[in-house]
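Ligands are counted one by one from 1 in listed order, and the atoms in each one are counted from 1 as well.
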Amino acid sequence: MVAQRTFVMIKPDGVKRGLIGEIISRFEKRGLKIVSLKMVKMSRDTAEKLYEEHKGKSFFEELVNYVTSGPVVCMVIEGDDVVQVIRRMIGNTDPKEAPPGTIRGDYALSKSENVIHASDSIEKAQREMSLFFDKSDL
Ligand code: CMP
């Protein structure tokens with residue numbers, strides 16, 4: 001297996017609820033490497049770029065308003081098959097469908113305020129991490 005890197009973001013509800021340590025701890029205990037990490041208050045422009053695939057959908061405005069409503073914690077995480085491994089650790093987008101033991105399955109109920117985001121492919125990971133991190137951060 002070749003080590004991959006992915007982009008992960010603890011959303012404003014996760015930060016407000018004091019879940020940063022718990023979430024990072026899960027990734028570390030799983031054996032994944034935190035390559036870079038920062039807390040930012042995202043601009044509208046960055047939020048619209050991050051979620052550009054959802055532009056035009058009914059929830060787009062709500063999503064952009066929400067992710068810009070408070071600080072988020074952005075991370076680049078490395079490990080074998082990390083894109084897939086982290087998507088499984090996070091659970092379904094709709095937390096009501098996410099199994100217990102997953103981050104959303106343990107800490108969320110709302111589809112819009114679902115604690116965490118992670119890239120769903122290596123290509124998206126590259127694009128999403130470039131919105132928040134310079135090459136020198138990595
Ligand atoms: P995320 O993994 O960050 O990727 C896109 C986000 O859009 C998703 O998590 C949800 O928070 C949000 N989202 C997807 N579908 C809906 C929906 N039907 N209503 C509100 N928010 C949604």
Sequence-distant partners of Arg26, side-chain contact (heavy atoms from CB on, under 4.5 Å), two or more places apart: Glu22, Met89, Ile103, Asp106, Tyr107
query: Is the shortest heavy-atom distance from the side chain of Glu78 to the side chain of Gln4 under 4.5 Å?
result: no
message: Going by ring pair (Phe, Tyr, Trp, His ring centres under 6.0 Å), name the residues that satisfy it together with Phe59, two or more places apart in sequence or in a different chain.
response: His54
field: Asp137 (side chain) donor-acceptor with Asp134 (main chain) under 3.5 angstrom
entry: yes
query: Would you say the side chain of Arg87 lies within less than 4.5 Å of the side chain of Asp120, judging by non-hydrogen atoms?
result: yes
task: Could you name the protein residues that come within less than 4.0 Å of ligand 1, counting only heavy atoms, and order them by chain and residue number?
output: Lys11, Tyr51, His54, Phe59, Leu63, Thr93, Arg104, Lys111, Ser112, Asn114, His117
- prompt: Which ILVMFWY residues are connected to Leu109, directly or by a chain of links, through side-chain heavy atoms under 4.5 Å apart?
  reply: none
